[in-house]
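Keep in mind the model is a prediction, meaning the values are calculated, not measured. What you see below is based on every heavy atom in this structure, not just the backbone, and it leaves out hydrogens, waters and symmetry mates.
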Amino acid sequence: MNRKYIVELSAEEKCELVNYCKKGMVNVRKYKRAAILLKADRCRYTTDQICEAVQVSSSTVFRVKRQFVEDSLEAALNEGARSGAMRKTSAKDEVTLIATACSEPPTGHCRWTLA
């Protein structure tokens, strides 16, 4: 069990997380992060138990705990910016591909194939 990042929630933080988890329609990722922090509070559960209960990987539990300990509750609950990888095709290529796929297949074939 990795004890490097030990989560110790204050009463106010714990109340905020419990109230968030009791809400109806919430962001699933944020809900899972809140559940991880509640279960990790003062080492009540092992990482494996948290993974099984919340249905996340051990690296997710590690990252959430690390963000809470190093930064803050808000940083642990909210996602950071994603890399935003460049598009592999241009808009023109995409339109051409869709038009081709929606057209009739070549003579002798019943549908389009990758060949």
Worksheet entry | Heavy-atom check, side chain of F62 versus side chain of S57, under 4.5 Å | no
Under a side-chain separation threshold of 4.5 Å, the hydrophobic residues clustered together with Y20 are V26, Y31
So CG of L73 and CD of E12: to nearest 0.5 Å the spacing works out to 9.5 Å
Residues at least two apart in sequence or cross-chain that pass side chain to side chain donor-acceptor pair (under 3.5 Å) with E70, listed by chain then number, are Y5
Residue pairs meeting salt bridge (Lys or Arg N to Asp or Glu O under 4.0 Å), one or both in residues 33-45, sequence neighbours left out, come to K14-D41
Residues at least two apart in sequence or cross-chain that pass side chain to side chain donor-acceptor pair (under 3.5 Å) with T107, listed by chain then number, are none
Correct closest heavy-atom pair for E13 and F68 would be OE1-CZ, 3.7 Å
Here the gap from K30 atom NZ to L17 atom CG, rounded to the nearest 0.5 Å, amounts to 10.0 Å
_Within the 4.5 Å heavy-atom criterion, are I36 and V7 side-chain neighbours or not?_
no
Taking side chain as C-beta onward, heavy atoms only, is V64 less than 4.5 Å from L37? yes
By side-chain contact (heavy atoms from CB on, under 4.5 Å), Q49 pairs with (sequence neighbours left out) Y45, T46
The side chain to side chain donor-acceptor pair (under 3.5 Å) partners of E74 (sequence neighbours excluded) come to N78
Going through the distances and angles, do L38 and V18 end up as a side chain to side chain contact (heavy atoms under 4.5 Å, CB included)?
CA-CA 8 Å; L38 285 171; V18 168; 4.0 Å; yes
Heavy-atom nearest pair, A35 first then C21, reads N-SG, 4.2 Å
Between the CD atom in E52 and the OG atom in S58, the distance rounded to the nearest 0.5 Å is 13.0 Å
request  = Report the C-alpha distance between V54 and V61 in whole Å, list the side-chain angles of each, state the deciding distance to 0.1 Å, and finish with yes or no for side chain to side chain contact (heavy atoms under 4.5 Å, CB included).
outcome  = CA-CA 9 Å; V54 185; V61 174; over 6 Å; no
Side-chain donor-acceptor pairs of residues 88-102 under 3.5 Å, sequence neighbours excluded:
residue	atom	partner	partner atom	Å
S90	OG	D93	N	3.2
S90	OG	D93	OD2	3.3
E94	OE1	R87	NH2	2.3
T96	OG1	K92	O	2.9
T100	OG1	T96	O	2.8

Under 4.5 Å between any side-chain heavy atoms of T47 and K65, yes or no? yes
